[in-house]
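To start, the structure under review is shown below, and the notes come after it.
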Amino acid sequence: MIRVRFAPSPTGALHIGGVRTALYNYLLARQKGGTFLLRIEDTDQTRYVPGAEDYIIRSLRWLGIVPDEGVGFGGDYGPYRQSDRKEIYQEYALKLLERGHAYYAFDTPEELDAQRSSVENFIYNHSTRQGLKNSLNFSESETRAWLDQGKPYVIRLKVEPGRSILVSDLIRGDVHFQSGELDDKVLFKSDGMPTYHLANIVDDHLMGITHVIRGEEWLPSTAHHVLLYEGFGWKDTMPAFAHLPLILRPEGHGKLSKRDGAKFGMPVFPTDWQGTDTVEAVQGFDGAGFLPEAVINFLALLGWHPGDDREIFSINELIESFSIENIAKSGARFDYEKAKWFNQKYIQATDNAVLAKHIQPLAAAKGYRTDDNFLQTVAALMKERVTLLPDFVETGYYLFEPVKEYDTETLSKKWTPAIGPIFADLTQMLENLEPFDALNMEASVKAWMQEKGVKPGDILPLLRIAMAGTMKGPAVFDMAEALGKTETIERLKRLINRNA
RNA sequence: GCCCCGUUCGUCUAGGGGUUAGGACGCAGGAUUUUCAUUCCUGUAACACGGGUUCGAUUCCCGUACGGGGUACCA
């Protein structure tokens, strides 16, 4: 049975690259009938951001990528928060020490900094460790003494030179590393917490993880991880690795970072983040007006392809079609235009009743009417012409409140001296129209045009501008019906007065 | 610097020893809609470079260039 994990650090809002990692893990688990768990990797106490854990859980729920186990979800392999597993790591670090695969090191951060600045390309490894303060150089009693005196220490992995380490990656194939080039990574920090390297191996083993799907930034340290599995004697149950290509910023250099959201005017986080004293607030895909299904679809195709030309996928279709083999090797630039296209597609395909629910809070925030029937009408009239949810109340504001700005250019062309009385006549005709619905109105206006000898192109644009102020928008008669007779007539008269 | 990964239209990608190198976004044009949008059609544009291997390489191999990642008592 497959078991996969998403293991973010609670250091702030969840990055969109992390969301994609979570998604791929989730898809694999669902497809294979396995388990998807959420583990919180909070071993760096200095980077801990309050609220980040809740944010991660909230975001996963919004996206519909809900873990089967983990912090906030229960499960038999807990605790799932690494700070709650402190003693476990200590125990395993000691085990590694006993087996001779690790050693105590007493060098202070300052001493190491000094080494780095005086020795070019300094690296703590087989070639330098004999000159440093560690239990490999100290006698047993000396080491004991340092420990007993309560001197700060770390535990480092003892990497022996001279061998080739194979990392078999599901996406990249076999990758070889020379052990002599690897450093003696710190496994256990002087504050009593493990580093990522120790914690992730111990946890993945204890939690029965079968596949590690994570970002490419972990590929270089995977050699160390293989060494750890060997050191613990867990090589035969070592999980399979799949290192995902990174998501790059839309333009310029480097991977997409948290600050790029503000820089490029687009969200890079799933949901809104209120911010803290140290981390500023940011808008997420939800606040920007994206449907979670659209975000999922967009992200799924950013680095993975189904093997055919399909682009629109429901979550169930993704689960069915997903495969690690079809994950791309190269980094993908974050294409916000494409993300918006997906959202537009999803809005078009969403039922009016559902859209009305999304429009409701947006309308309420603007003090607009929020009755469901009307919002469904707004959805029906606008869904083919919006990209983001807020467009319903912004682009389509005139469905909720009087026209704020008239397209004066069109007006000056169409509102001729002769048209005034004719427009007034039409207004009067509509005022007496019953029932005031689109179908009846269209028939009546057509008959009226026939009778008066007015061309559609002379009168319809004016009707439209009277109601919406702009030449863009839903069909005129649909708009009039949505507005209702009173409001429509009021707007027509307002235009007459404006041009009088 | 050293180590690792990568490189097909502007972007996301398919493909693969002999193809008109396919799709999507974007952009441009057209049709439909007496608006706009939707929808449909058309166009635009790519195999980083140099050596091999081969009858033939965009595809395989080796270099180079470029891009990305790593090189912390961060994850």
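So that the names make sense, note that chain A is the first sequence line, chain B the second, and so on, each numbered from 1. This is a predicted model, so every value here is computed, not measured.
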Inset, instruction - Once you apply the 3.5 Å cut-off to both distances, tell me the Watson-Crick or G-U wobble partner of B:C27, or none. - result: B:G43
Legend entry - Distance, C1' atom - from B:G23 to B:A45, rounded to whole angstrom: 14 Å
Legend entry - A:Asn200 and A:Glu41 side chains, donor-acceptor separation under 3.5 Å: no
Legend entry - Parallel, tilted or perpendicular: rings of A:Phe298 and A:Phe334 (30°, 60°): perpendicular
Inset, instruction - Please work out which of the three classes, parallel, tilted or perpendicular, describes the rings of A:Phe122 and A:Tyr124, given edges at 30° and 60°. - result: perpendicular
Legend entry - Nearest-Å distance for atom pair CD/P, residues A:Glu251 and B:C25: 21 Å
Legend entry - Contact pattern, 5' to 3', of nucleotides 59-73 of chain B - B, S or - by protein heavy atom under 4.0 Å: --------SSBS-SB
Give every donor-acceptor pair under 3.5 Å between a side-chain atom in residues 336-343 of chain A and any protein atom, sequence neighbours left out.
{"residue": "A:Asn343", "atom": "OD1", "partner": "A:Leu291", "partner atom": "N", "Å": "2.8"}
{"residue": "A:Asn343", "atom": "ND2", "partner": "A:Gly289", "partner atom": "O", "Å": "3.0"}
{"residue": "A:Asn343", "atom": "ND2", "partner": "A:Thr387", "partner atom": "O", "Å": "2.7"}

Legend entry - A:Lys472 NZ - B:U38 P separation (whole Å): 11 Å
Inset, instruction - Rounded to the nearest angstrom, tell me the gap between atom CD in A:Glu337 and atom C1' in B:C25. - result: 8 Å
Legend entry - C1'-based separation of B:C61 from B:U53 [nearest Å]: 7 Å
Legend entry - Nearest-angstrom distance from the residue atom CZ of A:Phe334 to C1' of B:U13: 17 Å
Inset, instruction - Could you check how far CZ of A:Arg20 sits from P of B:C12, rounded to whole Å? - result: 12 Å
Inset, instruction - For A:Asp478 and B:C36, give me the distance from atom CG to atom C1', rounded to whole Å. - result: 13 Å
Inset, instruction - Using modelled atom types only, decide if a donor and an acceptor are shared between the side chain of A:Asn25 and the backbone of A:Thr21 within a distance under 3.5 Å. - result: yes
Inset, instruction - Measure from CG on A:Asn297 to C1' on B:C12 and round the result to the nearest Å. - result: 13 Å
Legend entry - Complement of B:G1, any strand, by Watson-Crick or G-U distances under 3.5 angstrom: B:U71
Legend entry - Residue-phosphate contact under 4.0 Å: A:Gln178 side-chain N/O, B:C3 OP1/OP2: no
Legend entry - Residues touching RNA chain B, which here means a heavy atom under 4.0 Å, drawn from residues 382-393 of chain A: A:Glu384, A:Arg385
